[in-house]
Participant: 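Could you have a look at this structure, given as structure tokens, before my questions?
Positions are given from 1, in the same order as the sequence printed here. Since this is a predicted model, take the numbers as computed values, not measurements.
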Amino acid sequence: MVGGRMKLSYVSPKIGGVRVSHGPLLKHIEACLEQERALGYKSESIQTHLRLISRLNLWLAQTRRTLAQLNEELMERFLQHVRRKRERRYVTGEPTTLRRLLELLRDRGAIPPPEQPQRCPAQSTAEEYRRFLAKERGLASATIYNYARHIDRFLSGRFGTGPVRLSRLHACDVTAFVQRNAHVNGRGHALQVVTGVRSFLRFARYRGYIATDLEASVPRVANWKLASLPKDLPRGAVQRVLAQCDRATVTGTRNYAILMLLARLGLRGGEVVALRLEDIDWEKGEITVRSKKGGGWARLPLPADVGTAIAGYLERGRPRCANRNVFVRIQAPHRPFASSGVVSVLVRTALDQAGVKSARKGAHVFRHTLATDLLRHGASLDEIGRVLRHKDPDTTAIYAKVEIEALRRLALPWAGGAR
């Protein structure tokens with residue numbers, strides 16, 4: 001014993017070039033090493049991470065804590081201990097390393113799952129609704145988020161932190177909530193609010209929580225079919241955006257490949273994120289698009305220039321990793337993009353760097369631009385619908401409105417116009 005603590009010897013041989021002490025984490029450190037390598041970290045970074053884990057292992061042994069006690073709270077106490085020793089408050093990367101360690105240990109069944117925070121009744125009801133949308137409706141996570149985030153506010157506003165008695169809901173509660181929240185961020189937000197509330201009221205009636213059909217009390221939002229115009233980029237803007245990609249860099253090579261998929265094939269952001277290495281058939285010159293919209297999965301011809309862009313990224317830009325997604329993070333850990341929002345951020349940055357002014361700056365603007373260009377070059381709406389993989393022909397019909405000159409010739413002269 002030294003200073004009231006156990007004096008522990010080091011174990012030989014080293015693991016990943018790092019000496020490891022006896023402790024409850026010892027038999028899991030080899031798995032940590034394998035995970036760090038699979039995520040694409042360099043040797044120097046791996047050793048830094050392993051030293052931190054080895055220090056945690058020693059601290060657990062010295063303080064006589066078991067592996068079963070390891071959780072987020074104990075990790076934070078360990079980090080505070082490390083920072084006191086170094087006389088500084090924060091060391092970059094250490095919290096992320098320890099969170100990754102917790103995930104690994106839970107996957108291996110070495111420590112209990114995280115404790116669920118205490119939820120008030122309103123939060124519990126909203127969570128039940130989320131599970132219903134996921135398991136029984138099979139909706140995508142983004143759709144579930146857009147629906148349920150309004151229900152959190154609806155239930156907490158009506159019931160507070162007390163019991164949720166949906167049988168006490170009245171039409172005036174529903175109408176008042178929509179009127180307060182629908183006008184906040186424009187028509188698109190209003191449509192999300194009313195759609196989410198209607199969906200929740202259908203769920204509540206299906207589960208028997210309410211007997212009255214309150215769905216009819218949800219106010220409607222003015223949304224005339226084909227009332228708006230698709231927002232496409234100005235002519236020549238796509239080439240300017242592609243040209244601003246510095247393909248001499250790893251990031252530029254990746255971004256160029258993504259933008260080519262958006263611009264030439266009209267892929268959605270989520271379809272780019274979901275693209276996997278086995279989805280590209282280089283011999284047949286085809287690409288499989290994984291989609292939850294339209295007709296689902298589809299095989300499309302792979303244009304030569306798009307194939308060249310992807311091949312350039314795979315050869316010179318994509319990090320070596322075990323993940324099968326085509327596009328992964330360039331910096332370790334080399335994981336797939338978290339969501340389609342990453343692609344939209346990439347598009348927004350590319351538009352700004354190219355100096356392109358656009359009313360819309362998400363990934364979808366390239367899809368609209370492709371359809372508009374096809375129409376102006378003589379493609380029929382049916383052909384455009386097949387390229388964009390629209391399930392409903394009416395979805396494609398909106399593009400008929402962008403050919404202003406063609407429509408101008410169909411317009412009858414106004415009787416009160418100039419002579």
Participant: Checking side chain to side chain contact (heavy atoms under 4.5 Å, CB included) against Q244, which of V356, L351, L259 comes through?
Facilitator: L259
Participant: Determine whether more than 12 heavy atoms belonging to other residues, nucleotides or ligands lie under 6.0 Å from atom CZ of R299.
Facilitator: yes
Participant: Can you find a pair of side-chain heavy atoms, one from F159 and one from L169, that are under 4.5 Å apart?
Facilitator: yes
Participant: Hey, does L39 have a side-chain heavy atom less than 4.5 Å from the side chain of R100?
Facilitator: yes
Participant: Using a 4.5 Å cut-off on heavy atoms from C-beta on, say whether the side chain of R318 contacts that of L277.
Facilitator: yes
Participant: Within the 4.5 Å heavy-atom criterion, are M260 and D305 side-chain neighbours or not?
Facilitator: yes
Participant: T253 versus D246: any side-chain heavy-atom pair under 4.5 Å?
Facilitator: no
Participant: If I take atom CD1 from residue I46 and atom SG from residue C32, how far apart are they, to the nearest 0.5 angstrom?
Facilitator: 11.5 Å
Participant: Does the ring of Y256 carry R247 above it, NZ/CZ under 6.0 angstrom from centre and within 45° of its axis?
Facilitator: yes
Participant: Donor-acceptor pair, N325 side chain versus F327 backbone, under 3.5 Å?
Facilitator: no
Participant: Report the C-alpha separation of R99 and T96 in whole Å, then their side-chain angles, then the decisive distance to 0.1 Å, and conclude whether the side chain to side chain donor-acceptor pair (under 3.5 Å) test is met.
Facilitator: CA-CA 5 Å; R99 280 196 298 270; T96 303; 3.3 Å; yes
Participant: Donor-acceptor check, side chain of S339 to backbone of G341, threshold 3.5 angstrom: yes or no?
Facilitator: yes
Participant: Return yes if some donor-acceptor pair links the side-chain N/O of T125 with the main-chain N/O of P121 below 3.5 Å, else return no.
Facilitator: yes
Participant: Within the distance-only criterion (no hydrogens, no angle test), does the side chain of N57 pair as donor or acceptor with the backbone N or O of L25 below 3.5 angstrom?
Facilitator: yes
Participant: Measure across G355 and R240 and return the closest heavy-atom pair with its distance rounded to 0.1 Å.
Facilitator: O-NH2, 3.7 Å
Participant: Would you check, one step at a time, whether the test salt bridge (charged side-chain N to carboxylate O under 4.0 Å, His left out) holds for R51 with E44?
Facilitator: CA-CA 11 Å; R51 287 190 193 99; E44 297 82 359; over 6 Å; no
Participant: Apply the test side-chain contact (heavy atoms from CB on, under 4.5 Å) to residues L52 and L101: give CA-CA distance (whole Å), side-chain angles for both, the deciding distance (0.1 Å), then the verdict.
Facilitator: CA-CA 11 Å; L52 177 67; L101 172 63; over 6 Å; no
Participant: Taking all heavy atoms of S217 and all of A171, pick out the closest pair and write down the distance.
Facilitator: CB-CB, 3.6 Å
Participant: Is a donor on one side and an acceptor on the other found under 3.5 Å between the side chain of T195 and the backbone of Q192?
Facilitator: no
Participant: Any donor-acceptor pair under 3.5 Å linking the side-chain atoms of R268 with those of H364?
Facilitator: no
Participant: Per the side chain to side chain contact (heavy atoms under 4.5 Å, CB included) rule, which among L262, L233, V241 passes with T369?
Facilitator: L233
Participant: Quick one: ring pair (Phe, Tyr, Trp, His ring centres under 6.0 Å) partners of F177, sequence neighbours excluded?
Facilitator: F154
Participant: Any donor-acceptor pair under 3.5 Å linking the side chain of D173 with the backbone of H170?
Facilitator: yes
Participant: One thing to verify: whether R290 and E271 come together as a salt bridge, which I'm taking to mean a side-chain N less than 4.0 angstrom from a carboxylate O.
Facilitator: no
Participant: Taking H368's backbone N and O only, do any of them form a donor-acceptor pair with T372's side chain (distance below 3.5 Å, no angle check)?
Facilitator: yes
Participant: Regarding R65 and E73, does a basic nitrogen lie under 4.0 Å from an acidic carboxylate oxygen?
Facilitator: no
Participant: How long is the span from the OH atom in Y313 to the OG1 atom in T251, to the nearest 0.5 Å?
Facilitator: 10.0 Å
Participant: So which heavy atom on A257 is nearest to which on A309, and how close?
Facilitator: CB-O, 3.7 Å
Participant: Is there a donor-acceptor pair under 3.5 Å between the side chain of R119 and the backbone N or O of Q123?
Facilitator: no
Participant: Of the non-hydrogen atoms in V347 and A363, which two are nearest, and what is the gap between them?
Facilitator: CG2-CA, 3.9 Å
Participant: Is it true that F203 and Y206 have ring centroids separated by less than 6.0 Å?
Facilitator: no
Participant: So that I can tick it off, tell me whether R130 and D152 are bridged by a salt bridge, with the cut-off set at under 4.0 angstrom between side-chain N and carboxylate O.
Facilitator: yes
Participant: Please report the shortest heavy-atom distance between L155 and A126, naming the atom on each side.
Facilitator: CD1-N, 4.0 Å
Participant: With side chains defined as the heavy atoms from C-beta onward, is the minimum distance between V342 and V273 less than 4.5 Å?
Facilitator: no
Participant: Measuring from atom NE2 of H49 to atom CG of L98, what distance do you get when rounded to the nearest 0.5 angstrom?
Facilitator: 9.5 Å
Participant: Test Q69 against T66 for side-chain contact (heavy atoms from CB on, under 4.5 Å), laying out the working first.
Facilitator: CA-CA 6 Å; Q69 294 175 278; T66 65; 3.4 Å; yes
Participant: Does the ring centre of Y147 sit less than 6.0 Å away from the ring centre of Y129?
Facilitator: no
Participant: For R202, does the CZ atom have more than 12 heavy-atom neighbours from other residues, nucleotides or ligands under 6.0 Å away?
Facilitator: yes
Participant: Which pair of heavy atoms, one from L370 and one from L265, lies closest together, and at what distance?
Facilitator: CD2-C, 3.7 Å
Participant: Any salt bridge linking E278 with R276? Criterion: basic side-chain nitrogen under 4.0 Å from a carboxylate oxygen.
Facilitator: yes
Participant: Pair L275, V289 - check side-chain contact (heavy atoms from CB on, under 4.5 Å), show working.
Facilitator: CA-CA 7 Å; L275 190 64; V289 178; 5.9 Å; no
Participant: Any sub-3.5 Å donor-acceptor pair from H334's side-chain atoms to R329's backbone N or O?
Facilitator: yes
Participant: State whether a side-chain donor-acceptor pair under 3.5 Å links Q331 with Y41.
Facilitator: no
Participant: In Å, rounded to the nearest 0.5 Å, how long is the span from NZ of K42 to OG1 of T48?
Facilitator: 12.5 Å
Participant: Just do the side-chain contact (heavy atoms from CB on, under 4.5 Å) check on N323 and R335 with the steps written out, would you?
Facilitator: CA-CA 7 Å; N323 198 281; R335 289 174 172 165; 5.5 Å; no
Participant: Are any of the side-chain nitrogens in E136 or R207 under 4.0 Å away from the carboxylate oxygens of its partner?
Facilitator: yes
Participant: If we only count heavy atoms from C-beta on, is the R205 to D213 side-chain gap below 4.5 Å?
Facilitator: yes
Participant: Rounded to the nearest 0.5 Å, what separates atom CG in L261 from atom CG in L267?
Facilitator: 5.5 Å
Participant: In Å and rounded to the nearest 0.5 Å, what is the CG to CG distance from N255 to L242?
Facilitator: 11.0 Å
Participant: Mind checking whether L104 and R108 have side chains closer than 4.5 Å, heavy atoms only?
Facilitator: yes
